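Worth saying up front: this structure is predicted, and the values here are computed from it rather than measured. Every chain is numbered from 1, with letters handed out A, B, ... down the list of sequences.
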There are 2 protein chains.
Amino acid sequence: MSMVLDARKGAAAEADPSGPATGEAPRAPVSLHGELLAALRDYLVEGNLADGARVPERLLCDRFGISRTPLREALKVLAAEGLIELLPNRGARVRALSADDLRELFDVMGGLESLAGRLACERVSDEEVAEIERVHHEMYRFYLRRDMHGYFQCNQEIHHMIVAAAGNATLAATYASFAGRIRRVRYSANLATDRDRWGEAMREHEAILDALRRRAGSELSDILFMHLRNKRKAAEQRSVSEAAEVESED
Amino acid sequence: MSMVLDARKGAAAEADPSGPATGEAPRAPVSLHGELLAALRDYLVEGNLADGARVPERLLCDRFGISRTPLREALKVLAAEGLIELLPNRGARVRALSADDLRELFDVMGGLESLAGRLACERVSDEEVAEIERVHHEMYRFYLRRDMHGYFQCNQEIHHMIVAAAGNATLAATYASFAGRIRRVRYSANLATDRDRWGEAMREHEAILDALRRRAGSELSDILFMHLRNKRKAAEQRSVSEAAEVESED
DNA sequence: AAAGAAAAAAATGAATGCAAAATGAAACCC
DNA sequence: GGGTTTCATTTTGCATTCATTTTTTTCTTT
């Protein structure tokens, strides 16, 4: 991807946005000066700026080789998305998520996954279920091998597949938006330190798959919400023991 | 309405960031030149522009007494919110919601209310339940009197109270955003023409209150989702019989 | 006279410029 | 010497300007 931003003039273009589009854009902005928005979002999500730090307009303009106008447009959008906050006349700051914010975000994510599960049961095909099962078993093998990284990947993929199976683009976009917002806080290794939680999570995933197979929407809805709720609790517990740990694994 | 936006000079001072409370703006971006965003959003939600119509920049600039820069910033945000869409080099258009979009939006709203109900059961106080009951009974009286307007008001209020009782500002903001997006389509009188649906909705509300009283989160979650799903079905059925009816009631 | 091509007009996207506000620093006062 | 005030620098917010692109109008050609 050429990453636009070639801008007429000198265009820095070093923007190395080789970004792995894991599915972030909450709403692929058609093609706005779209690259910029996506690039800036990645830049923030990847944690290049510290929590609460000012967002340096001038610097970013140089970084992306554009003028302030399009940059500020993007900042307004990111503020609406909740990644940054705009102070009256004091510019933009990276939004630091409080413990309460985290709690809220986890619950909303839980609600969205819960909804996704319910909808998925209404329309998921046997083939899709089979595909999810496949990844589930792959994940189980990673679990047996105690391979956190592989497990995490599969885990993410399963949740993503359930959302996709819901067949609701609006939901998918909303989900992606919140996922990006949470991703800034790399709690990630939520169960690395907690073997019990890992086993529990695995059992919950068994239940998820079971409910999906039976197309038990309401039940799956409950399980998914509780699954996220438990994840939240584990993360909370971990956050008290370790103040803040930065993990670069993906 | 004078529409603030007294422009350059004097401006400011109206910021009033004091009250995020009620939570209407999907995400009152602090106080951007906030008025503009809110004003523009209202302008669109109120249907001043036809579906699919171009959003006339110049005209709106005059209308609000500002230059194109802040207007375009607001447009970008509204596009991210899903109210308008930005075409490559052809400007902004009012986003026309297809039947599928409506279906999706209703389901997401259902999911959010469902989540709100679940969370509300975890923390709602007896006083709050009593308050909701009060409005519920008021609504019932409107129902008996066949007063659509009063009923609708109470209905909205109850749903809003449940979302508020969830005690999750992120959820409330998201909910408000989607509510605004749907409001453009004033299906509103979803049950005016359907007496049976009205009675059914009333019964569903009885069940909602019952579940809430018992703090039966999972159950309330199901009921609320189905309540919205039935609302959707009623709206769909109505939309086929009547192509498009504009109602100005609130 | 209709269809297509060329030119004019308007609008979009982005850069630059300018006034007001904020931040930081030096001078001043107690 | 500590605290406050004033002044310079930086930054923010918006208006204006400019280069393209789109859209409309007009003119040519068969």
Review point. If you take atom types as modelled and just measure distance, does the side chain of B/Arg68 reach the base of C/dG13 with a donor-acceptor pair under 3.5 Å?
Key: yes
Review point. Has the side chain of A/Ser67 got a donor or acceptor that lies under 3.5 Å from a partner of the other kind on the base of C/dA14?
Key: no
In whole angstrom, what separates [X]'s [atom1] from [N]'s [atom2]?
X       : N      : atom1 : atom2 : value
A/Leu59 : D/dT10 : CG    : P     : 15 Å
B/Asp62 : D/dT16 : CG    : P     : 12 Å
A/Glu57 : C/dA21 : CD    : C1'   : 14 Å
B/Arg54 : C/dG13 : CZ    : P     : 10 Å
A/Asn89 : D/dT10 : CG    : P     : 19 Å
A/Phe64 : C/dG13 : CZ    : C1'   : 19 Å
B/Leu87 : D/dT23 : CG    : C1'   : 15 Å
A/Leu86 : D/dG13 : CG    : P     : 7 Å

Check your understanding: Only one of A/Leu119, A/Val163, A/Leu115 clears side chain to side chain contact (heavy atoms under 4.5 Å, CB included) with A/Asn168; which?
Key -> A/Leu119
Point to revise | Phosphate-side-chain proximity, A/Arg90 and C/dA21, N/O vs OP1/OP2 below 4.0 Å | key: no
Review point. Quick one: is C/dA14 close enough that its OP1 or OP2 comes under 4.0 Å of any side-chain N or O from B/Arg72?
Key: no
Exercise for review: May I ask you to decide if the ring planes of B/Tyr43 and B/Phe64 are parallel, tilted or perpendicular, using 30° and 60° as cut-offs?
Suggested key: perpendicular
Review point. Can you tell which of B/Arg232, B/Lys231, B/Lys233 makes a salt bridge (charged side-chain N to carboxylate O under 4.0 Å, His left out) with B/Asp107?
Key: B/Arg232
Study note, to complete from the structure: For A/Ala92 and A/Leu86 the tightest heavy-atom approach is CB-CD1, 3.6 Å
Revision key, fill the gap. Ranking A/Arg93 and B/Ala92 by the position along DNA chain C of their nearest nucleotide, the one closer to 5' is B/Ala92
Revision key, fill the gap. Heavy-atom nearest nucleotide on DNA chain D taken for A/Thr69 and for A/Arg58; more 5' hit belongs to A/Arg58
Check your understanding: Is the side chain of B/Arg181 donor-acceptor paired with the backbone N or O of B/Glu81 at a distance under 3.5 Å, no angle test?
Key -> yes
